[in-house]
S.K.: 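There's a structure below that I have some questions on.
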Amino acid sequence: MIKFHPNEEHLFHYVTGDLSPAMLMMVGTHVDMCPHCQAQVRDMENTVANKLFGQEQAPKELFAANDSFNGDAMLQQIMSQTPARDESRITGLLADELVLEGKRFKLPATLARSQHRIGEWHKLIGQMWRAPVQIGGEDVLTFIYMDKGTRVPEHTHKGREATLVVNGVFNDETAEYRDGDFVFLDGSVKHTPETRDEDCLTLAALDAPMQFTSGLSRLLNPFSSLFFK
């Protein structure tokens, strides 16, 4: 059961298309996975449509993004600004699945429709891997895979971080996060994400690099852009 959701402001700006490309992808993927937020989005669509057009039902062409990410004209314009890529260089993709180290992860619809924007996997510290998602805009959108028994040193963020669990489970000092959970943090929060008995694939949107805050891990701060760029 999904316990953590985007707030109403995020959902409203998702409905109106007034989010960065990275956050549109993040919130849209969560909505794919979350019946509760799907119902909220439908209510918001109908409310906005009724105010704008005096209709109880939202025009399909106005909010097509909720059924098809590529169907929204505004998102098409954003996406068209991303240079075409040589798909022969992309590894770890199969139909609507993401493949890493022999593991296969089912992609929600929003991500599956944009899988051609997923770059190659690169290993980070320990048993962590990252793959960029090239969607344009100033924010950075990245898949991060943590094998079981992996810990990220305590850190905060110079900006804001949104994390969505695509598959698996991770913990920090305050909660356990599972498939579909959406977490939005800012520089006021310090945490130490870790996996225990299960691995975890997350999607993360950052608008600034992380900042390590404890012990020897602070020596990694000059290299924290590895998690960001």
Side-chain angles (χ1 to χ4, degrees), residues 1-5 22 25-26 29-30 33-34 90-94 97-108 111 115 117-134 139-229:
M1 180 178 178
I2 296 174
K3 297 184 294 183
F4 300 95
H5 309 269
M25 185 79 80
M26 293 284 294
T29 301
H30 173 84
M33 303 174 73
C34 180
I90 302 174
T91 60
L93 295 173
L94 179 64
E97 294 181 335
L98 196 63
V99 182
L100 173 66
E101 296 287 284
K103 302 176 186 291
R104 293 185 176 184
F105 301 94
K106 183 80 170 180
L107 294 177
L111 292 176
Q115 64 169 270
R117 302 182 183 281
I118 302 173
E120 297 180 358
W121 287 99
H122 298 279
K123 191 169 184 179
L124 298 172
I125 57 175
Q127 295 301 308
M128 293 181 63
W129 297 72
R130 70 178 294 276
V133 185
Q134 299 186 1
D139 295 353
V140 172
L141 188 63
T142 306
F143 278 107
I144 297 176
Y145 171 77
M146 300 170 62
D147 202 355
K148 59 184 179 180
T150 298
R151 171 178 289 190
V152 180
E154 183 188 77
H155 64 274
T156 186
H157 293 271
K158 296 178 181 179
R160 294 166 296 178
E161 171 196 25
T163 299
L164 174 70
V165 180
V166 178
N167 183 264
V169 55
F170 80 90
N171 299 73
D172 64 12
E173 293 85 345
T174 61
E176 178 181 87
Y177 308 97
R178 292 183 172 271
D179 293 19
D181 280 337
F182 180 97
V183 188
F184 189 77
L185 304 175
D186 59 25
S188 66
V189 177
K190 296 180 182 179
H191 70 149
T192 309
E194 64 176 352
T195 54
R196 295 174 182 172
D197 298 326
E198 298 182 43
D199 59 358
C200 190
L201 176 69
T202 63
L203 186 66
L206 297 88
D207 60 10
M210 63 174 58
Q211 184 81 15
F212 295 105
T213 55
S214 65
L216 293 176
S217 65
R218 287 178 291 181
L219 298 176
L220 296 173
N221 283 326
F223 310 100
S224 64
S225 60
L226 291 175
F227 291 85
F228 177 70
K229 67 182 181 181

S.K.: For the residue pair A205 and A22, what are the closest heavy atoms and their distance?
M.R.: CB-CB, 4.1 Å
S.K.: Could you tell me if the side chain of I144 sits less than 4.5 Å from the side chain of W129, heavy atoms only?
M.R.: no
S.K.: Would you give the length of the straight line joining atom NZ of K190 to atom CG of D172, rounded to the nearest 0.5 angstrom?
M.R.: 14.5 Å
S.K.: Under 6.0 Å between ring centres, would you say that holds for F170 and Y177?
M.R.: yes
S.K.: Just wondering, do H191 and T174 contact through their side chains at under 4.5 Å, heavy atoms?
M.R.: no
S.K.: Shortest non-hydrogen contact from L164 to G180?
M.R.: CD1-O, 3.4 Å
S.K.: I want to check something: taking the side chain as every heavy atom from C-beta on, are N167 and D179 in contact at a cut-off of under 4.5 Å?
M.R.: yes
S.K.: Answer yes when K3 and D181 have at least one side-chain N-carboxylate O distance shorter than 4.0 Å, and no when they do not.
M.R.: no
S.K.: Given the side-chain rings of Y145 and F105, with only the six-membered ring counted for Trp, is the space between their centroids under 6.0 Å?
M.R.: yes
S.K.: Any chance you could measure F182, atom CZ, to I2, atom CD1, to the nearest 0.5 Å?
M.R.: 12.0 Å
S.K.: Search all heavy atoms of T29 against all heavy atoms of P108 and return the closest pair with its distance.
M.R.: CG2-CG, 3.7 Å
S.K.: R130 versus F143: any side-chain heavy-atom pair under 4.5 Å?
M.R.: no
S.K.: Got M146 and V152 here, is their nearest side-chain heavy-atom distance under 4.5 Å?
M.R.: yes
S.K.: Quick check: do L206 and R160 have side-chain heavy atoms less than 4.5 Å from each other?
M.R.: no
S.K.: Could you pull out the closest heavy-atom pair between V169 and T195, with the gap in Å?
M.R.: O-CG2, 3.6 Å
S.K.: If you measure from CG on L124 to OG1 on T142, what distance do you get to the nearest 0.5 Å?
M.R.: 9.5 Å
S.K.: Nearest 0.5 Å, what's the CG-CG distance between L203 and L111?
M.R.: 5.5 Å
S.K.: Show your reasoning for whether salt bridge (Lys or Arg N to Asp or Glu O under 4.0 Å) applies to K148 and E194.
M.R.: CA-CA 8 Å; K148 59 184 179 180; E194 64 176 352; over 6 Å; no
S.K.: Can you name the closest pair of heavy atoms from T150 and M128 and give their distance?
M.R.: CG2-CG, 3.5 Å
S.K.: Parallel under 30°, tilted from 30 to 60°, perpendicular over 60°: which one fits the rings of H30 and H5?
M.R.: perpendicular
S.K.: So, E173 side chain and T192 main chain: donor-acceptor pair closer than 3.5 Å or not?
M.R.: yes
S.K.: Identify the heavy atoms of K106 and V166 that sit nearest to each other, and give their distance.
M.R.: O-CG1, 4.2 Å
S.K.: With salt bridge (Lys or Arg N to Asp or Glu O under 4.0 Å) as the test, would you mind laying out the steps for R178 and E176 before giving the verdict?
M.R.: CA-CA 7 Å; R178 292 183 172 271; E176 178 181 87; 2.9 Å; yes
